[in-house]
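Worth saying up front: this structure is predicted, and the values here are computed from it rather than measured. Only this structure's heavy atoms are used, side chains among them; waters, hydrogens and symmetry mates stay out. In each ligand, atom 1 is the first atom listed, and ligand 1 is the first ligand listed.
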Amino acid sequence: MIDTISKQELNKAIQRRRTFAIISHPDAGKTTITEQMLLFGGVIRSAGTVKGKKSGQFATSDWMEIEKKRGISVTSSVMQFDYAGKRVNILDTPGHEDFSEDTYRTLMAVDAAVMVIDTAKGIEAQTKKLFQVVKKRGIPIFTFMNKLDRDGREPLDLIAELEDLLHIEGYAMDWPIGMGRGLQGLYDRQNKRIELYRSEAKGEQFIPLNDEGTIDASNPLTEDSVYQDALSDIDLLNEAGNKFDMAKVARGDQTPVFFGSALTNFGVKTFLDSFLSMAPAPSAHETVDGATVQPTADEFSGFVFKIQANMNPNHRDRIAFVRVTSGAFEKGMDVTLARTGKTIRLNNATEFMSDEREQVKQAVAGDIVGLYDTGNFTIGDSIYTGKQKVQFPKLPQFTPELFVRVTPKNVMKQKSFHKGMQQLVQEGAIQLYKTYNTDEYILGAVGQLQFEVFQFRMLHEYHSEVEMTPIGARTARWVDPEQLDPSMASSRNLLVKDITGQPLFLFENRFAENWFHDKYPDVQLTGKFETD
Ligand code: G4P
């Protein structure tokens, strides 16, 4: 399929791809650090562009009112730039826990993750959840301890917390010299230098370390107690800390840890340079048949990890986000959709350069392309060229915890109700169930906000006003159809079916579930998502 570039060029292009996501708890500084990276990549020219978008200053690039009102990033987007010889793809992930479903799927499409932690807060709930999803994938995880310009926790405690809470070894690549008002700089173990904070006031930015790992005694910094403290921490790390192990990093068993302040752009470049040199180029992917698809294979392949309708209200479009897993994507190419065996011509594609969407000329393994979709794709679909069928495993489904019954307010508008419902469910915005015998619609979500977004989008994009009656928090447990007897259902364990027709019970609480287990000890119940 490679017409316009040679095999050698393709290999080179793939080797320089670095595709990753940033995970963090809201407010840890993900947007700020992303923005600094975009500045280094020359995508934006001034700080505040991305933040402005988030706070609603740049209303035109905000595609949803809710996003502006709530000040949270609802959608995952993709940003691409060239930096230090690498083509970087950052897949943004919504930090708000209500959108973790979207985030989880995005994490299936990256080769590495950056975990941003607020040094004052340490590891927070959402970081822990997202970390577990990344850890399961066995991909490298790099840590940026942010907000060093403020007083935070002891750096040694932060490293210990990685092991205690996340069970991952931390290896400090650099180390803070002071914090908050007393921040003097970073002791950079990797580059064997000290990086000064507010260097413009002092002249030079970097002071090389001598063979003893210290700086010349004539430097006034040596008289500062925070420098002495940092040296004794470094001694401790050298003697008793983890040893750097690239093989462990590659498996996600050790995380290289960097310190800095995204807001004052301190330590970010050191982090980015080091991270990009260690992060892997696109890796091979396994198919359901046990075959391995190498990124440099001649044939193109990819999978849809996200579908989003109406990203730009001016063009009523729907975009399927495809992670290219092998070969090169070219506009107008014919691909086979593994699920149906149908051939689809990919005429209309877009790549993501910051928030400007540009027509894609060529994308290779590691890149993300957005395909304008007229309803061909569903999440998890595999597409490929060539004779050999390529089918990647299904993406994990997140088990919803909140449920509502949903009906159209105006029964005369059934058509737009069904259309909106079908599209939003296909997009993965929300999960749809039907009551087992009566086929009433029930929606499932991870967080309340997902329902609000659904209701809002139904009204504004499909002109369908919907009525939602809460059923409350429930635990979803799938049941083997062979073992199912509909009389097992009650109001405490509603019997419904998912969109594939599989039956499941929605248990009111753990008590109801235990009661069920006692009554029907032989009936096997399973949660769907792998972290359940
Ligand atoms: P998020 O995307 O992870 O949610 O975090 P975001 O970057 O929006 O940062 C959250 C808040 O933390 C912002 O302040 C931001 O300016 C601040 N922040 C980020 N990095 C640093 C840092 O290194 N040092 C300090 N001191 N603050 C940092 P805000 O007041 O919520 O927003 P804004 O009014 O400043 O835009």
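- Among all heavy-atom pairs drawn from Ile177 and Leu186, the shortest one is CD1-C, 3.9 Å.
- In terms of polar-atom proximity, defined here as any N/O pair under 3.5 Å, Leu148 makes no such contact with ligand 1.
- Note: Phe456 and His460 have parallel aromatic rings, judged against thresholds of 30 and 60 degrees for the angle between ring planes.
- With hydrogens and angles disregarded, a donor-acceptor distance shorter than 3.5 Å links the side chain of Asn242 to the backbone of Gly170.
- In terms of polar-atom proximity, defined here as any N/O pair under 3.5 Å, Gly29 does make such a contact with ligand 1.
- At least one donor-acceptor pair under 3.5 Å links the side chain of Gln254 to the backbone N or O of Asp245.
- Taking all heavy atoms of Thr31, Leu263, Asp118 into account, the minimum distance to atom 21 (C) of ligand 1 is reached by Leu263.
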Requested in this report: Check step by step if ring-ring contact (aromatic ring centres under 6.0 Å, His included) holds for Phe144 and Phe275.
Outcome: CA-CA 10 Å; Phe144 188 82; Phe275 159 64; over 10 Å; no
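- Near Thr32, with a cut-off below 4.0 Å to any heavy atom, the atoms of ligand 1 are 6 (P), 7 (O), 9 (O), 15 (C), 19 (C).
- Inclusion of Ser261 in the set of residues having an N or O under 3.5 Å from an N or O of ligand 1 is warranted.
- Each of the atoms 1 (P), 2 (O), 3 (O), 5 (O), 7 (O) of ligand 1 lies under 4.0 Å from some heavy atom of Lys30.
- Against a heavy-atom cut-off of under 4.0 Å, Pro26 is close to the following atoms of ligand 1: 4 (O).
- With a 4.0 Å cut-off on non-hydrogen atoms, Lys147 touches ligand 1 through its backbone as well as its side chain.
- Put simply, the side chain of Arg17 never gets that close to the backbone of Pro282: no donor and acceptor are under 3.5 Å apart.
- With hydrogens and angles disregarded, no donor-acceptor distance shorter than 3.5 Å links the side chain of Asp224 to the backbone of Leu221.
- Of all atoms in ligand 1, numbered sequentially from 1 with element shown, those under 4.0 Å from a heavy atom of Asp27 are 1 (P), 3 (O), 4 (O), 5 (O), 10 (C), 12 (O).
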